[in-house]
S.K.: 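Here it is, the structure, as structure tokens.
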Amino acid sequence: GGIITQTPKFLIGQEGQKLTLKCQQNFNHDTMYWYRQDSGKGLRLIYYSITENDLQKGDLSEGYDASREKKSSFSLTVTSAQKNEMAVFLCASSIMGTGGNERLFFGHGTKLSVL
Amino acid sequence: GDSVTQTEGLVTLTEGLPVMLNCTYQTIYSNPFLFWYVQHLNESPRLLLKSFTDNKRTEHQGFHATLHKSSSSFHLQKSSAQLSDSALYYCALSNYNVLYFGSGTKLTVEP
């Protein structure tokens with residue numbers, strides 16, 4: 001089995017600050033994802049990457065940057081934290097090329113609070 | 001574009017009663033994959049079941065769902081709710097690139 005590790009688990013930032021969230025997976029999966037989880041809004045896709053150095057925007061990419069430095073790692077940057085923002089960011093990975101039958105494996109999340 | 005609709009945000013049931021969580025979807029693809037993910041408190045979401053075949057019942061861990069392309073639905077059901085079923089349930093649709101999730105249904109099962 002494999003594991004997805006997200007760091008940090010909790011992140012407290014100041015308004016306007018640039019904040020970086022990191023994700024590592026040892027499944028050797030091709031595709032990695034960043035989702036934002038808000039109560040009542042479900043899981044919304046921010047960015048995904050189908051291979052090293054690839055980046056694809058999701059529906060919620062504005063205000064975020066991402067970087068796929070190597071196959072096992074995928075980082076997300078909040079370019080300017082919004083005051084009173086509170087959300088959980090979930091990283092996930094899956095095997096590529098299964099024709100839509102991807103099963104996503106999720107990390108435990110990074111909980112962001114902005115003061 | 002592709003989307004998933006879960007109409008109930010909160011469902012509260014008494015233990016032993018049947019469970020039905022609604023899921024409908026919109027997609028341009030004629031052969032979508034539909035999924036149910038479950039997230040228990042303080043845990044990450046995990047796959048519960050999935051389907052690709054029209055009108056075929058899929059079962060896992062006491063839950064079942066049938067993909068009906070004619071009505072674009074993939075409702076999650078269980079015959080008898082247990083306390084341990086209390087969790088957040090997400091319906092999701094694959095468009096062959098990414099998964100689109102619904103807004104989620106929080107199921108609470110009471111004694």
Side-chain angles (χ1 to χ4, degrees), chain A residues 1-7 9-10 23 25 27 29-51 54-61 66 74 87-111, chain B residues 1-11 21-53 58 60 67 69 74 87-106 108:
Chain A
I3 190 168
I4 295 179
T5 303
Q6 291 186 237
T7 55
K9 289 186 179 179
F10 299 96
C23 177
Q25 54 99 359
F27 288 99
H29 284 165
D30 300 295
T31 309
M32 295 186 74
Y33 310 80
W34 277 106
Y35 283 92
R36 175 175 164 139
Q37 182 175 35
D38 295 276
S39 178
K41 295 183 180 177
L43 301 175
R44 293 179 291 173
L45 183 65
I46 306 172
Y47 270 98
Y48 69 102
S49 167
I50 62 175
T51 189
D54 174 74
L55 280 180
Q56 307 286 338
K57 290 183 177 181
D59 293 337
L60 207 65
S61 62
F74 192 32
V88 175
F89 293 85
L90 290 170
C91 176
S93 70
S94 71
I95 298 172
M96 184 59 182
T98 54
N101 193 18
E102 293 89 0
R103 172 183 175 176
L104 264 60
F105 292 83
F106 285 88
H108 278 79
T110 293
K111 188 170 184 178
Chain B
D2 297 327
S3 66
V4 176
T5 301
Q6 292 180 250
T7 52
E8 311 111 337
L10 296 169
V11 172
L21 306 184
N22 290 320
C23 173
T24 57
Y25 64 90
Q26 282 188 304
T27 181
I28 62 172
Y29 294 98
S30 56
N31 296 307
F33 278 91
L34 271 295
F35 304 77
W36 277 100
Y37 280 77
V38 59
Q39 184 179 21
H40 286 91
L41 189 63
N42 297 323
E43 295 184 7
S44 54
R46 61 173 176 83
L47 180 66
L48 179 58
L49 48 78
K50 63 183 179 183
S51 182
F52 170 75
T53 307
T58 300
H60 186 62
L67 176 58
K69 293 183 181 180
F74 190 56
L88 189 52
Y89 292 82
Y90 289 107
C91 184
L93 163 75
S94 173
N95 75 348
Y96 291 69
N97 284 307
V98 295
L99 279 189
Y100 290 93
F101 287 85
S103 54
T105 298
K106 184 178 179 180
T108 301

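A note on names: the letters A, B, ... follow the listed sequences, proteins ahead of strands, and every chain is numbered from 1. Since the structure is predicted, the reported quantities are computational estimates derived from the model, not experimental observations.
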S.K.: Among B/Gly102, B/Pro45, B/Gly104, which has the most heavy-atom pairs under 4.5 Å with chain A?
M.R.: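 Ranked by heavy-atom pairs under 4.5 Å with chain A, first place is B/Pro45.
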
S.K.: For B/Lys69, does the NZ atom sit with more than 12 other heavy atoms under 6.0 Å from it, leaving out its own atoms?
M.R.: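 Yes.
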
S.K.: Roughly how far, to the nearest 0.5 Å, is the OH atom of B/Tyr37 from the CZ atom of A/Phe106?
M.R.: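 So the CZ of A/Phe106 and the OH of B/Tyr37 are separated by 6.0 Å.
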
S.K.: Look at A/Val88, A/Leu43, A/Leu45 and state which one has the largest set of heavy-atom pairs under 4.5 Å with chain B.
M.R.: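 When all of A/Val88, A/Leu43, A/Leu45 are compared, A/Leu43 has the most.
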
S.K.: Pick one of side chain, backbone, both or neither for A/Asp59, based on which atoms fall under 4.5 Å of a heavy atom in chain B.
M.R.: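 When you check distances to chain B, only side chain atoms of A/Asp59 fall under 4.5 Å.
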
S.K.: How far apart are the closest heavy atoms of A/Gly107 and B/Ser44, and which atoms are they?
M.R.: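 Closest approach of A/Gly107 to B/Ser44, heavy atoms only: O-CB, 2.9 Å.
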
S.K.: Using heavy-atom distances under 4.5 Å, tell me whether B/Gln6 contacts chain A through its side chain, its backbone, both, or neither.
M.R.: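 Neither; nothing under 4.5 Å.
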
S.K.: Contact part of A/Leu104 toward chain B, heavy-atom cut-off under 4.5 Å: side chain, backbone, both or neither?
M.R.: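 Both the backbone and the side chain of A/Leu104 come within 4.5 Å of chain B.
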
S.K.: Distance from A/Tyr33 atom OH to B/Leu99 atom CG, nearest 0.5 Å?
M.R.: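 A/Tyr33 OH to B/Leu99 CG: 6.0 Å, rounded to 0.5 Å.
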
S.K.: Answer with side chain, backbone, both or neither: which region of A/Gln37 has an atom nearer than 4.5 Å to a non-hydrogen atom of chain B?
M.R.: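 Contact with chain B is through the side chain of A/Gln37 alone.
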
S.K.: Below 4.5 Å from any heavy atom of chain B, which atoms of A/Tyr35 appear? Answer side chain, backbone, both or neither.
M.R.: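 For A/Tyr35, side-chain heavy atoms alone lie under 4.5 Å from chain B.
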
S.K.: Measuring heavy-atom distances to chain A, does B/Leu88 have an atom under 4.5 Å in its side chain, in its backbone, in both, or in neither?
M.R.: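 It is the side chain, since no backbone atom gets that close.
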
